[in-house]
Participant: 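Mind looking over this structure? Questions follow.
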Amino acid sequence: MKSVRPAPAVWPGRPYPRGATWDGEGVNFALFSEGAERVELCLYDGVGLREWHRVEMRERTDFVWHCYLPQARPGLLYGYRVYGPYRPEEGLRFNPNKVLLDPYAKSVAGRIRWCDALFGYTIGDPKEDLSFDPRDSAPFVPKARVLETAFSWGDDRRPQVPWNESVIYELNVRGFTMSNGLLPERLRGTYAGLSHLSVIEYLKRLGVTTVELMPVHAFIDDRRLMNIGLRNFWGYNTLGYFAPEGRYSASGRIQEFKTMVKALHSAGIELVIDVVYNHTCEGNHLGPTLSLRGIDNETYYRLDPSAPRYYTDYTGCGNTVNLPNPHALQLVMDSLRYWVEDMHVDGFRFDLAPALAREAGGGESWSSFFDVIRQDPVLNRVNLIAEPWDIGLDGYQVGNFPVGWAEWNDRYRDGMRAYWKGDGGVIGEFARRLTGSSDLYGRAGRRPHASINYITSHDGFTLRDLVSYNERHNEANGQDGSDGHDHNLSWNCGVEGPTDDPAVLALRARQQRNFLATLLLSHGVPMLLAGDEVGRTQQGNNNAYCQDNEISWLDWNVDEDGERLFAFARRLIALRRRHPVFRRRDFFQGRPLHGGDLKDVLWLRPDGQEMSEEEWAHSNARSLAVYLSGAGLHDVDAWGRPLKDDDFLMLFNAHHEQMSFTLPQLDGAPWRCVFDTATFDEREAVLGAGAFDSGASIGENFDVGATQLGERYELSGRALALMTRPAAPA
């Protein structure tokens with residue numbers, strides 16, 4: 001190919017660090033490929049469409065191909081062509097006609113343009129992927145960009161929120177701000193939008209401590225979705241593990257992401273990112289050749305040992321990254337360290353985490369990946385959250401992750417949904433989840449904060465839809481409504497979907513309050529789905545992964561019902577923050593305190609008597625009370641003094657009829673009602689201009705002016721009430 005520019009000078013370079021590294025004078029390029037016979041570095045013009053030079057990388061050290069271009073500068077676009085055998089039946093899929101993205105690319109320019117040339121084989125050939133496609137993919141693939149990583153972090157400090165004080169808020173960068181009228185239009189749906197003062201103030205007013213972003217690693221839109229006018233909205237389709245996703249950037253510069261992190265940190269808010277190291281966007285044996293597949297398929301993917309043409313799929317996405325291989329593991333570890341050290345993120349939520357820890361033999365061992373993380377001086381100090389399941393054999397591993405890891409607890413989600421739905425026989429499960437799931441985490445040194453408690457997440461119904469729909473309504477996804485799961489444990493309160501019936505609407509509002517109160521008063525770490533605090537709906541879609549539109553975007557034009565729900569959620573978070581009894585660092589002991597007669601926790605029937613072992617198994621039991629002793633925290637304050645709190649009594653009634661509760665008469669002050677989910681709308685008015693207005697004036701706590709109670713309390717059907725009093729003497 002004839003160059004229109006002078007050929008660049010080429011020096012040998014170094015095998016480390018991997019990727020393209022600007023050192024102030026030139027750029028070092030390093031790419032690992034054990035099976036390659038030859039590697040070319042391809043240089044492109046400013047928009048990435050025209051190749052102006054190829055550099056043959058003649059230096060190879062320990063299977064790392066490398067060179068140094070002394071005249072190269074940040075902003076240079078590049079890709080690789082990797083030569084080697086094309087024998088798919090042996091797991092070898094080298095095809096130099098396909099331009100490949102550097103796995104270590106810290107910035108990605110351009111987007112994929114779907115066409116048949118992106119595939120290493122000829123689509124339509126009777127031999128399928130055993131055929132070889134000679135077409136050049138260069139005009140259709142994104143290119144890596146050499147990056148200048150310098151950024152003035154100033155005095156940026158990690159908030160380092162203790163686990164037991166954390167309140168996580170899961171959001172999608174684009175969906176959270178796309179409809180926010182307070183933002184300039186160009187900032188909506190971007191990192192810059194998320195760091196806007198009005199958005200930061202909203203998060204602070206709500207009271208969350210930790211923002212968990214859905215995937216922000218560079219990802220692509222599936223061809224099938226593009227063909228029917230949809231997009232990959234969630235982002236679980238990773239192309240590169242180092243580069244922030246470009247569609248979320250208003251400026252196209254990596255500094256925008258760093259500015260967002262710095263702004264959140266300045267507000268005392270942590271940032272956790274959802275990472276997808278279990279698979280990539282290249283799919284199964286019939287997927288495109290975009291990066292790892294063409295660089296070294298055998299190294300980076302788990303292949304079927306008996307038929308290496310095919311991939312071992314523990315993820316349901318066509319492939320599984322081969323972390324038992326040290327070079328694939330190094331890629332993941334380097335990525336994790338980069339996001340902590342260079343991007344200042346505070347932790348990670350690992351999608352399908354068991355797929356990362358599987359040893360070469362299968363699911364019988366889960367240790368090596370954890371060992372590597374545990375010994376790493378950078379990573380063992382950040383928040384580590386597992387999605388503790390994949391689709392492989394023994395893939396459900398809730399409760400089995402080691403010390404130092406927290407887990408999404410779907411047992412909590414399902415237990416709470418079943419209880420408030422009114423199912424019988426679940427009261428024991430409800431009680432275990434409410435008090436931190438000690439049966440799952442109370443061993444090997446783990447604590448209640450190992451349980452990430454949630455009612456809803458991005459995957460499934462929103463909170464409002466959970467109380468408005470019995471069935472999924474996913475027709476907009478283009479799969480005849482058959483996608484998504486049907487185990488929702490939801491209840492529509494008598495009418496499917498939208499209604500004007502005031503009784504149904506009142507019941508739905510109360511059920512949302514029940515769920516929020518249960519979540520934020522449970523032991524463990526609560527996680528809210530963005531928008532649940534204002535009643536966001538996805539119109540019954542429980543799998544909105546491809547809906548980059550109003551179905552998935554948070555509507556910032558909140559009505560009065562949404563304002564009331566926001567007020568309730570905000571006060572709950574403030575209540576949790578004020579009272580350590582709701583964020584214990586240790587599990588309840590269930591025994592008398594300090595030699596006295598009163599236990600740290602009491603489970604009571606509505607008649608005020610302690611629950612017996614037999615009564616936990618009653619299928620018709622739907623009502624109970626739990627007493628939490630403020631004197632039984634087994635903890636100390638910042639000065640080393642024993643920590644104490646008020647006593648609390650929670651009354652739960654999932655039955656449809658009113659229940660009369662006898663309040664325990666203990667020595668000391670009488671009980672006062674903090675809130676009742678059945679009467680909140682009548683007793684509480686939303687003050688000020690609204691939840692999204694920085695001038696909104698909403699009381700910080702419920703328990704101001706609470707009225708004194710007698711010996712009994714009448715609790716409406718499907719309601720929760722919280723009582724308090726100064727701690728009883730030990």
Participant: Any salt bridge linking Arg417 with Asp414? Criterion: basic side-chain nitrogen under 4.0 Å from a carboxylate oxygen.
Facilitator: no
Participant: Centroid separation under 6.0 Å, is that true for the rings of Tyr86 and Phe94?
Facilitator: no
Participant: Any chance CZ of Arg58 has more than 12 other-residue heavy atoms, nucleotides or ligands included, within less than 6.0 Å?
Facilitator: no
Participant: Under the rule for salt bridge (charged side-chain N to carboxylate O under 4.0 Å, His left out), what residues qualify as partners of Asp334, not counting sequence neighbours?
Facilitator: Arg337
Participant: Given His217 and Tyr277, is the ring pair (Phe, Tyr, Trp, His ring centres under 6.0 Å) satisfied, shown in steps?
Facilitator: CA-CA 10 Å; His217 287 169; Tyr277 294 115; 5.6 Å; yes
Participant: Salt bridge or not between Arg411 and Glu429? Use side-chain N to carboxylate O under 4.0 Å.
Facilitator: yes
Participant: If the threshold is 4.0 Å, N to carboxylate O, is there a salt bridge linking Asp129 and Arg93?
Facilitator: yes
Participant: Looking at Asp346 and Arg381, is any side-chain nitrogen of the basic one under 4.0 Å from a carboxylate oxygen of the acidic one?
Facilitator: no
Participant: Do the side chains of Arg87 and Glu89 get close enough for a salt bridge, i.e. N-O under 4.0 angstrom?
Facilitator: no
Participant: Taking only Lys NZ, Arg NE, NH1 and NH2, and the carboxylate oxygens of Asp or Glu, determine whether Asp102 and Arg145 approach each other closer than 4.0 Å.
Facilitator: no
Participant: After noting the C-alpha distance and the side-chain angles of Tyr338 and Tyr104, does the key distance pass the ring pair (Phe, Tyr, Trp, His ring centres under 6.0 Å) rule?
Facilitator: CA-CA 10 Å; Tyr338 174 76; Tyr104 281 77; 9.5 Å; no
Participant: Is it true that Asp133 and Lys98 make a salt bridge, defined as a side-chain N closer than 4.0 Å to a carboxylate O?
Facilitator: yes
Participant: Please determine, by modelled atom types, if Arg433 and Ser437 share a side-chain donor-acceptor pair under 3.5 angstrom.
Facilitator: yes
Participant: Taking all non-hydrogen atoms of both residues into account, name the closest pair between Leu529 and His458 and its distance.
Facilitator: CD1-N, 3.6 Å
Participant: Counting only heavy atoms from other residues, nucleotides and ligands, does the tally under 6.0 Å from CG of Asn227 exceed 12?
Facilitator: yes
Participant: Is the shortest distance from a Lys or Arg side-chain nitrogen in Asp376 or Arg374 to a carboxylate oxygen in the other one below 4.0 Å?
Facilitator: no
Participant: Any donor-acceptor pair under 3.5 Å linking the side-chain atoms of Tyr301 with those of Asn325?
Facilitator: no
Participant: Heavy-atom count around Gln330 CD within 6.0 Å, excluding the residue itself: above 12?
Facilitator: yes
Participant: Under a 4.5 Å cut-off applied to non-hydrogen side-chain atoms, are Tyr314 and Leu352 in contact?
Facilitator: no
Participant: Could you check Trp339 against Phe257 for ring pair (Phe, Tyr, Trp, His ring centres under 6.0 Å), going step by step and ending with a plain yes or no?
Facilitator: CA-CA 11 Å; Trp339 285 92; Phe257 185 95; 5.3 Å; yes
Participant: Excluding sequence neighbours, so at least two apart, what forms side chain to side chain donor-acceptor pair (under 3.5 Å) with Glu40?
Facilitator: Arg38, Arg54, Tyr83
Participant: Please lay out, stage by stage, how Tyr78 and Phe29 fare under the test ring pair (Phe, Tyr, Trp, His ring centres under 6.0 Å).
Facilitator: CA-CA 10 Å; Tyr78 70 98; Phe29 295 87; 5.1 Å; yes
Participant: Check this for me, if you would: do Glu407 and Arg349 make a salt bridge, where the nitrogen-to-carboxylate-oxygen distance has to be below 4.0 angstrom?
Facilitator: no
Participant: Is Arg358 paired with Asp390 through a side-chain N to carboxylate O contact shorter than 4.0 Å?
Facilitator: yes
Participant: For Asp125, check side chain to side chain contact (heavy atoms under 4.5 Å, CB included) against everything at least two apart and list the hits.
Facilitator: Thr122, Lys127, Ser131
Participant: Would you call Arg472 and Asp465 a salt bridge, taking side-chain N to carboxylate O under 4.0 Å as the test?
Facilitator: no
Participant: Starting at CZ of Phe140, measure out to CH2 of Trp114 and round the result to the nearest 0.5 Å.
Facilitator: 12.5 Å
Participant: Go through the steps for Glu51 and Arg81 under the test salt bridge (Lys or Arg N to Asp or Glu O under 4.0 Å), then give the verdict.
Facilitator: CA-CA 12 Å; Glu51 179 183 308; Arg81 297 180 187 270; 3.4 Å; yes
